[in-house]
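Reckoned from all heavy atoms, side chains included, excluding hydrogens, waters and symmetry mates.
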Amino acid sequence: QVQLVQAGGGSVQTGGSLRVNCLFSGDTAGRTCIEWFRQAPGKEREWVGGVSPGYADSVNGRFIVARDNTKNMAYVRMNRLKPEDTAVYYCATCDRTVWGQGTQVTVSS
């Protein structure tokens, strides 16, 4: 049974960068598949990306998802942020059965 706890995010101006971390525990082999999602107010939850198969068109070329098993961490690095990236970001297992608590990312113009 894996648990996911998020950290990071915050507020930046257009063009800035932010990182959201996803710390995992209870994963003895460090093999848990993790993907990223986001949800903006009034919108449906959107898939952002994962190590496989890649990235949503809206973030492709700007976001990087990765993991560092030595630190029990997955993360998404968000570059050249736009106001439309403003949302609550979530990490989740790839089968979508376990979710992090969500992290606010706000991009102002």
Which atom pairs, donor and acceptor, lie under 3.5 Å between side-chain atoms of residues 73-84 and protein residues at least two apart or in another chain?
residue: Asn79; atom: OD1; partner: Ser17; partner atom: OG; Å: 3.0
residue: Asn79; atom: ND2; partner: Arg62; partner atom: O; Å: 3.4
residue: Arg80; atom: NH2; partner: Gly61; partner atom: O; Å: 3.0

Heavy-atom closest contact (Trp36 atom, Val65 atom, distance)
CD1-CG1, 3.7 Å
List the atom of Ile64, the atom of Tyr55, and the distance in Å for their closest heavy-atom pair.
CA-OH, 3.4 Å
Taking transitive links into account, so neighbours of neighbours count too, which hydrophobic residues share a cluster with Trp47 at under 4.5 Å side-chain distance?
Phe37, Val88, Tyr90, Trp99
Taking all atoms of both residues into account, what is the closest heavy-atom pair of Val2 and Thr93, and its distance?
CG1-CG2, 3.8 Å
When you compare the side chain of Leu23 with that of Leu4, does any pair of heavy atoms fall below 4.5 Å?
no
Where is the tightest heavy-atom contact between Ile34 and Phe24, given as atom of each residue plus distance?
CD1-CD2, 3.8 Å
Pairs where residues 46-59 contributes a residue and the test salt bridge (charged side-chain N to carboxylate O under 4.0 Å, His left out) is met, not counting sequence neighbours:
Arg38-Glu46
If you compare all heavy atoms of Tyr89 against all heavy atoms of Val48, which two are closest, and at what distance to 0.1 Å?
CE2-CG2, 4.3 Å
Quick one: side-chain hydrogen bond (donor to acceptor under 3.5 Å, both in side chains) partners of Thr70, sequence neighbours excluded?
Asp68
With sequence neighbours excluded, give me every salt bridge (charged side-chain N to carboxylate O under 4.0 Å, His left out) pair touching residues 91-106.
none
For Thr106, give me all partners under side-chain contact (heavy atoms from CB on, under 4.5 Å), at least two apart in sequence or on another chain.
Ser11, Thr86, Gln104
Qualifying disulfide bond (SG atoms under 2.5 Å apart) pairs with a residue from residues 80-109, counting only residues at least two apart or across chains
Cys22-Cys91, Cys33-Cys94
Applying side-chain contact (heavy atoms from CB on, under 4.5 Å), can you list everything that pairs with Ala7, at least two apart in sequence or on another chain?
none
Which atoms form the tightest heavy-atom contact between Asp85 and Val107, and what is the distance?
CB-CG2, 4.4 Å
Output yes when a side-chain donor or acceptor of Thr103 lies under 3.5 Å from a complementary backbone atom of Gln6, and no otherwise.
no
